[in-house]
Amino acid sequence: MLGKPGDHIHLDDGSGGPADQPEAGLIARVAAGDLAAFETLYRLYHPRLTRFLDRMTRRPGMVEELLNDTMMVVWRRAGSYNGRSKVSTWVFGIAYRKALKALRRLDEAVDHEADEPCAPDDEPERHLGRRQVHALLMRALQGLSAEHRAVVDLTYFHGMGYREISQVVDCPVDTVKTRMFHARRRLRLLLGGRLEEWL
């Protein structure tokens, strides 16, 4: 289930420590034109970016195109990655900007009809409550702006700290905190007091 934002805050300086070295190595190989490295990076990021872009845009039909646009930028601009942030921060930042641009082009309200399907479960009785809570939360997230949805998604579903999120969405840390405050307040209203312990 979800934890509290503080549970996921990374204590590093965002410079990409030892755990980020394999991804940084892949980016360096991609910059040199290594297609196999790009395919590895694509497979690594496909599920995470799919979830992020789906939650942010709420338009399943545009997710794959946005993901491919994001990864095309990674392929073409890998040489511009400077190592000052984690690779994931850089990639999610590209995806975030692509999604916002696509939503602005649509110039209409986000479609709220498609809920994220739950994965099949071996023990449906045991996990029925969890699926119901997940569906309830996904519906509530649709009531947030794209900017607020992105902050909530990156915090709770991708385990990013506020500093890293500020790099992804290209705004000050205080702005991220303000967006989270407003998003949590709105979610509380939308959930009618349910899931209070998570928010």
Side-chain angles (χ1 to χ4, degrees), residues 1-24 27 41 44-58 63 66-67 70 73-74 77 80-104 110 116 133-134 136-191 193-199:
M1 294 289 181
L2 299 178
K4 299 200 181 304
D7 294 344
H8 299 294
I9 293 177
H10 301 291
L11 299 178
D12 66 17
D13 61 1
S15 62
D20 199 46
Q21 289 176 353
E23 290 185 16
I27 286 289
L41 200 66
L44 183 66
Y45 276 90
H46 188 278
R48 295 167 63 195
L49 287 176
T50 298
R51 287 189 302 270
F52 173 68
L53 291 166
D54 181 53
R55 288 186 186 119
M56 188 171 167
T57 65
R58 302 312 298 164
V63 168
L66 287 171
L67 189 147
T70 298
V73 172
V74 169
R77 307 231 15 228
S80 71
Y81 172 71
N82 56 24
R84 287 191 296 217
S85 67
K86 295 190 332 187
V87 171
S88 60
T89 304
W90 183 68
V91 173
F92 272 86
I94 295 167
Y96 174 78
R97 289 186 294 280
K98 287 284 183 188
L100 279 185
K101 187 175 179 182
L103 289 173
R104 285 187 193 118
V110 174
E116 185 174 287
V133 165
H134 184 264
L136 182 66
L137 184 59
M138 290 301 107
R139 280 193 296 275
L141 285 172
Q142 294 170 10
L144 301 179
S145 70
E147 289 84 359
H148 289 164
R149 241 186 346 265
V151 170
V152 170
D153 187 71
L154 292 169
T155 299
Y156 290 110
F157 297 103
H158 296 279
M160 292 187 185
Y162 291 149
R163 193 174 341 152
E164 188 175 359
I165 293 170
S166 76
Q167 294 172 330
V168 169
V169 301
D170 195 25
C171 70
V173 172
D174 286 342
T175 302
V176 172
K177 290 177 180 178
T178 301
R179 287 180 184 176
M180 179 59 84
F181 171 80
H182 290 295
R184 290 172 68 195
R185 187 173 66 177
R186 177 80 176 135
L187 283 173
R188 281 192 187 103
L189 291 172
L190 293 169
L191 293 168
R194 292 168 287 187
L195 310 180
E196 186 73 22
E197 69 276 7
W198 291 357
L199 303 172

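Exactly one of Arg179, Arg55, Arg51 qualifies for a salt bridge (charged side-chain N to carboxylate O under 4.0 Å, His left out) with Asp153. That residue is Arg55.
Judged by distance alone, with hydrogens and angles left aside, the side-chain atoms of Tyr81 form no donor-acceptor pair with the main-chain N or O of Val74 at under 3.5 Å.
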Run the side-chain contact (heavy atoms from CB on, under 4.5 Å) test on Phe157 and Leu141 for me, step by step, so that the C-alpha distance in whole Å, both residues' side-chain angles and the decisive distance to 0.1 Å come before the verdict.
CA-CA 12 Å; Phe157 297 103; Leu141 285 172; 4.1 Å; yes
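With rounding to the nearest 0.5 Å, the separation of CE in Met160 from CZ in Phe92 is 4.5 Å. Here Thr89 contributes atom OG1 and Leu154 contributes atom CG; the two are 9.0 Å apart, rounded to the nearest 0.5 Å. Considering CG of Leu103 and OG1 of Thr57, their distance stands at 6.0 Å, rounded to 0.5 Å. A distance of 5.5 Å separates CZ of Arg48 from OG of Ser88, quoted to the nearest 0.5 Å. To the nearest 0.5 Å, atoms CG (Leu191) and CZ (Arg186) are separated by 10.5 Å. Within the model, atoms CE of Met180 and CG of Leu187 stand 9.0 Å from one another, a figure rounded to the nearest 0.5 Å.
Taking each heavy atom of Gln142 and Arg58 in turn, the nearest pair found is NE2-NH2, 2.9 Å. Considering every non-hydrogen atom in both Leu144 and Ala183, the closest pair reads CD2-O, 3.9 Å. In this structure, Ala95 and Leu53 approach most closely via the heavy-atom pair O-CD2, 3.7 Å.
In this structure the side chain of Tyr162 reaches within 4.5 angstrom of the side chain of Thr155, judged on heavy atoms. Counting heavy atoms from C-beta outward, Val73 and Lys98 have side chains that approach closer than 4.5 Å. Side-chain contact between Trp90 and Ile27 is present, with heavy atoms from C-beta onward closer than 4.5 Å. Looking at heavy atoms from C-beta onward, Val152 lies out of side-chain contact with Arg184 at the 4.5 angstrom threshold. Counting heavy atoms from C-beta outward, Ser166 and Thr175 have side chains that stay 4.5 Å or more apart.
For the side chain to side chain contact (heavy atoms under 4.5 Å, CB included) test, residues two or more places apart in sequence or in another chain that qualify with Ala150 are Phe52, Met56, Tyr96. Listed by chain and residue number, His148, Thr178, Arg185 satisfy the side chain to side chain contact (heavy atoms under 4.5 Å, CB included) test with His182 (two or more places apart in sequence, or in another chain).
Within 6.0 Å of CG in Asn82 there are more than 12 heavy atoms belonging to other residues, nucleotides or ligands.
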